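No experiment lies behind these values; they were computed from the predicted model shown.
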Amino acid sequence: MRAVVVDPSVAGRLILQEVDRPSLLPSEALIRVAAISLNRGEVRRAQTAAAGWRPGWDLAGTIETPAADDSGYPAGTRVVGFVLSGAWAEYVAVPTDAIAPLPDSVSFADASTLPVAGLTALYGLAKGGSLLGKSVLVTGASGGVGYFAVQLARQAGAIVTAQLRRSDWINFIKEAGAHQTIMGESLKEFSPYDVILDSTGGTLLSNAISAIAKDGICVTYGTTADGTVTFDAKTFYGTGGASLYGFILFHELKREPAAIGLTKLVQLLANQQLKPHIDRIASWTEIAVIAQQLTDRQFIGKAVLNVN
């Protein structure tokens, strides 16, 4: 079968190569992949990974071989799945606790955007408990996680503020459900916030920490701007009950299997209560080009590649 592997000798470091089909553990199903989506984390790692490493977290397709322990779904079932690496391939072995079935109304392309971006938004917001009536700030709201988070927070009854880098994205993010928007790094206008999701780090995270409400929480899940943060500790602890939470999806999935969250997200997608923003759809033969465009921020939202 073919898979995307790291090859430092080619432009973009990503190439399709012939590899062996995966062997299955009793609790794994073999999925014939139809679509994959890209995330900045895996693309960044591919830029420094050793030759032969196989990236990929998100996939959607059809079960080719069911799990031997009967823990999953039968052959022919349309599914979305998540793996720790190697999702960018024609066939992938996926643990059954990281798979959710897809109704016919949900396309493979839309489903493939759910695992990393959707689960990060879903579980990140959950750190704030019930969101009904709470003030929620989402930084980097135009990104894959941010776009989902704005929709999920709005549906949960929150008052949603979206932070953006560009003014031409305002209508885009308000259509997703944001009540109000902030441009740049000053977050005071609508503060304090009960729940903050931050993916940028740097000055923006520093400002976010200073804008938390009493008993509020700031969930940080990325450092696209800067990993070094200086903040006013006196203001932070003086707020009372405020907390800063370091979020890593792989760690969160040790507490709750991906299948549970994916099932919730698929249902929202099927009910048209959740919508991904896909800005690039292409063949996976263009993986190196699309990955570079993602790195260079040439588009907002998600990139989906058809495996063919």
Does the side chain of D97 pick up a donor-acceptor pair with the side chain of S27 at under 3.5 Å? no

Distance from M1 atom CE to E90 atom CD, nearest 0.5 Å? 7.5 Å

Applying salt bridge (Lys or Arg N to Asp or Glu O under 4.0 Å) to E252 and K127, what does each step give before you reach the verdict? CA-CA 11 Å; E252 301 300 323; K127 299 303 175 185; 2.9 Å; yes

If you count every heavy atom of other residues, nucleotides or ligands that lies below 6.0 Å from I248 atom CD1, does the total exceed 12? no

Donor-acceptor pair, distance only, cut-off 3.5 Å: does the side chain of T113 make one with the backbone of D110? yes

Hydrophobic cluster (4.5 angstrom, side-chain heavy atoms) - remaining members for L205: L137, I182, L187, F190, Y193, I196, L204, I209, I212, V229, F231, F236, L244

Under the salt bridge (charged side-chain N to carboxylate O under 4.0 Å, His left out) definition, can you give me all pairs with a residue in residues 172-191, not counting sequence neighbours? none

CD/E18 to CZ/R2 distance, rounded to the nearest 0.5 angstrom? 7.0 Å

D296 side chain to Q293 side chain, donor-acceptor N/O pair below 3.5 angstrom: no

Check whether R13 reaches the backbone of A49 with its side chain - one donor and one acceptor, N or O, closer than 3.5 Å. yes

Please confirm whether R32 makes a cation-pi placement over Y91, using NZ or CZ under 6.0 Å from the six-membered ring centre and within 45° of the ring normal. no

Do S112 and D58 pair up side chain to side chain, a donor and an acceptor below 3.5 Å, judged on atom types alone? no

Sub-3.5 Å donor-acceptor pair from the side chain of R154 to the main-chain atoms of V160, do we have one? no

Between F299 and I290, which heavy-atom pair has the shortest distance, and what is it? CE2-O, 4.3 Å

Have a look at T139 and tell me which of T161, N207, D198, T220 forms a side chain to side chain donor-acceptor pair (under 3.5 Å) with it. D198

Establish, yes or no, whether a centroid distance under 6.0 Å links the rings of F250 and W57. yes

Would you say D20 has more than 12 foreign heavy atoms packed within less than 6.0 Å of its CG? no

Once you round to the nearest 0.5 Å, how far does CD1 of I159 lie from CD of Q180? 7.5 Å

What distance do L38 atom CG and R40 atom CZ have between them, rounded to the nearest 0.5 Å? 10.5 Å

Could you report the tightest heavy-atom contact between A158 and V136, atom names first, then the distance? CB-CG2, 3.6 Å

Shortest non-hydrogen pair, G86 vs V92, comes out as O-CG2, 3.6 Å

H277 pairs by ring-ring contact (aromatic ring centres under 6.0 Å, His included) with which of W169, F148, F172? F172

Verify, without hydrogens or angle tests, whether D232 (side chain) and T235 (backbone) share a donor-acceptor contact under 3.5 angstrom. yes

Under 4.5 Å between side-chain heavy atoms, counting indirect links through other Ile/Leu/Val/Met/Phe/Trp/Tyr residues: same cluster for V6 and V4 or not? yes

Ion pair check, D168 and R166, cut-off under 4.0 Å: yes

